Amino acid sequence: MAEPHVSDAERELFGAPLRYDMGWAQHEHAGLDLTMWSALRQMPRLVSATLRMAWGADRRALVAVAISELGQGIAAAVGLLAVNAVMHALLGAGDAVERLHA
């Protein structure tokens, strides 16, 4: 990308071009370079950085969220097994065509 023109006012007031110094401005074209493979490669680093920040901010809350997410996953698995058992009991045994007619 070509550098934009620096006006006289920018040079006089700031001594250099005025540019945004925000995180989003530094990465405004990163979405154009993002592919699925690059996103998957960055995922472990992003997750570990998030866990480090959460651990530093509030350890008890992080542990509570982790335990509740684990409990929610176990409850969902038990619910799916129960639905599977009920569907098997309602539709019975046999091949797929017989079960669909039932």
Side-chain angles (χ1 to χ4, degrees):
M1 291 178 55
E3 283 294 318
H5 173 70
V6 180
S7 69
D8 292 333
E10 285 178 316
R11 196 173 310 283
E12 186 176 330
L13 290 172
F14 304 107
L18 177 61
R19 301 291 174 258
Y20 291 111
D21 193 17
M22 306 295 255
W24 57 266
Q26 296 173 2
H27 305 287
E28 61 185 304
H29 297 295
L32 300 175
D33 299 330
L34 186 66
T35 62
M36 181 61 81
W37 181 246
S38 65
L40 289 174
R41 281 194 329 247
Q42 293 175 4
M43 190 66 66
R45 183 175 47 87
L46 294 173
V47 169
S48 66
T50 302
L51 289 175
R52 277 194 313 273
M53 284 191 293
W55 184 259
D58 192 356
R59 293 178 180 164
R60 289 180 58 193
L62 177 63
V63 170
V65 167
I67 290 172
S68 65
E69 288 293 327
L70 185 64
Q72 185 178 5
I74 291 170
V78 169
L80 287 173
L81 289 173
V83 167
N84 190 21
V86 168
M87 294 299 285
H88 187 63
L90 287 175
L91 299 177
D95 63 350
V97 175
E98 291 173 359
R99 286 185 285 177
L100 285 174
H101 283 294

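Bear in mind that the values here come from a model prediction, so they are computed numbers and not experimental data.
- Taken to the nearest 0.5 Å, the OG1 atom of Thr35 stands 6.5 Å off from the CZ atom of Arg41.
- To the nearest 0.5 Å, atoms CE (Met53) and CG (Asp58) are separated by 14.0 Å.
- The structure places CG of Leu51 at 11.0 Å from CG of Leu46, a figure rounded to the nearest 0.5 Å.
- By the criterion of side-chain heavy atoms lying less than 4.5 angstrom apart, applied directly or through intervening Ile, Leu, Val, Met, Phe, Trp or Tyr residues, Ile67 is grouped together with Val47 in one hydrophobic cluster.
- Partner of Val86 under the side-chain contact (heavy atoms from CB on, under 4.5 Å) criterion, chosen from Leu90, Val83, Asn84: Leu90.
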